[in-house]
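Given the structure is predicted, the values throughout are model-derived calculations rather than measurements.
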Amino acid sequence: MEYALRISDSVKSFRETRLSALRPPSEFFDVQRISRPADLNQATSRISYNTKYFSGNYGVIIGVLTVYALITSPLLLIAIVFLVGGFAAINRFAPEPMQVGDHVITQKSLYTALFVIGLPVLWWASPFMVFFWLVGASSVVILGHACIIEPGIESEYATVQEAV
């Protein structure tokens, strides 16, 4: 029960912090604001502003690309589920040593067996390739969008602070 409450609190805080920063699709895909930057300074300025302004939307893009990468790499997904599920199962069902025949099976031996099997499968699933693909694809999409979208009129006032 306590575990479910922690998950519920985590989801609420995620929704309040990250999803509140989401901009509507009409603003994110506004074709009227698409233009080629005049020079590198303007491109850098747009990227700097838009990555902050659309940070929630870019987080969703990274999440979608991560799910796509895991779905298209089933061996990696199996390896991750095996390791995480094995770790959780050992913690839940085998906290104390067990006697099986003449052998005593401890948590340490179960973890050793889990990692002896799971880590080679994980290595074979090439997680580094998936990670670098994810970094590259996210970078191209996010920097490309941030570079070609003109900041709105509110960007002119982003540096102005209220005098109280």
Side-chain angles (χ1 to χ4, degrees), residues 1-29 34 37 40 43-149 151:
M1 186 69 167
E2 182 180 316
Y3 183 70
L5 291 175
R6 280 190 279 156
I7 290 176
S8 175
D9 291 341
S10 299
V11 169
K12 281 182 184 177
S13 69
F14 176 78
R15 193 177 342 161
E16 290 170 359
T17 57
R18 288 292 174 197
L19 295 183
S20 65
L22 280 176
R23 303 294 176 192
S26 59
E27 187 176 354
F28 188 71
F29 297 111
I34 293 178
L40 186 60
T44 305
S45 169
R46 286 182 182 185
I47 289 171
S48 175
Y49 177 77
N50 285 335
T51 52
K52 292 175 194 156
Y53 189 73
F54 291 115
S55 65
N57 299 70
Y58 294 149
V60 169
I61 288 173
I62 292 170
V64 168
L65 287 173
T66 301
V67 169
Y68 174 77
L70 287 175
I71 289 172
T72 58
S73 180
L75 187 59
L76 180 60
L77 187 59
I78 289 168
I80 290 171
V81 168
F82 177 76
L83 286 169
V84 171
F87 184 78
I90 290 169
N91 279 338
R92 182 174 181 141
F93 298 118
E96 301 296 324
M98 295 181 292
Q99 182 77 29
V100 178
D102 294 338
H103 301 287
V104 175
I105 299 175
T106 63
Q107 262 192 342
K108 183 178 178 182
S109 62
L110 290 173
Y111 284 132
T112 302
L114 177 69
F115 290 127
V116 163
I117 296 168
L119 290 181
V121 172
L122 183 67
W123 184 259
W124 191 36
S126 60
F128 296 113
M129 180 187 72
V130 172
F131 173 75
F132 286 119
W133 176 86
L134 183 61
V135 168
S138 301
S139 299
V140 167
V141 170
I142 291 169
L143 292 176
H145 179 271
C147 185
I148 65 169
I149 295 292

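- A donor-acceptor distance shorter than 3.5 angstrom exists from the side chain of Q99 to the backbone of G101, with no hydrogens or angles considered.
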Check residues 137-145 and write down every donor-acceptor pair under 3.5 Å in which the side-chain atom is one partner and the other belongs to a residue at least two apart or another chain.
residue, atom, partner, partner atom, Å
S138, OG, L134, O, 2.7
S139, OG, V135, O, 2.7
H145, ND1, Y58, OH, 2.7
H145, NE2, F28, O, 2.9

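- A distance-only check finds no donor-acceptor pair linking the side chain of S48 to the backbone of T44 [under 3.5 Å].
- Under the side chain to side chain contact (heavy atoms under 4.5 Å, CB included) criterion, P24 pairs with S26, E27, sequence neighbours left out.
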Would you mind writing out the side-chain donor-acceptor pairs for residues 108-130 within the sub-3.5 Å range, not counting sequence neighbours?
residue, atom, partner, partner atom, Å
S109, OG, T106, N, 3.1
S109, OG, T106, O, 2.8
Y111, OH, N91, OD1, 2.4
T112, OG1, K108, O, 2.8

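- Residues meeting the ring pair (Phe, Tyr, Trp, His ring centres under 6.0 Å) test with F82, sequence neighbours left out: none.
- With hydrogens and angles disregarded, a donor-acceptor distance shorter than 3.5 Å links the side chain of R46 to the backbone of C147.
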When the side chains of residues 70-79 are checked against the rest of the protein, which donor-acceptor pairs come out under 3.5 Å, sequence neighbours left out?
residue, atom, partner, partner atom, Å
T72, OG1, Y68, O, 2.9
T72, OG1, A69, O, 3.3

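- Atom CG of L40 is separated from atom OG of S45 by 11.0 Å, given to the nearest 0.5 angstrom.
- When all heavy atoms of I149 and F54 are compared, the closest pair comes out as CG2-CE1, 4.3 Å.
- Contact record, R23 with Y53: NE-O, 3.1 Å, taken as the closest heavy-atom pair.
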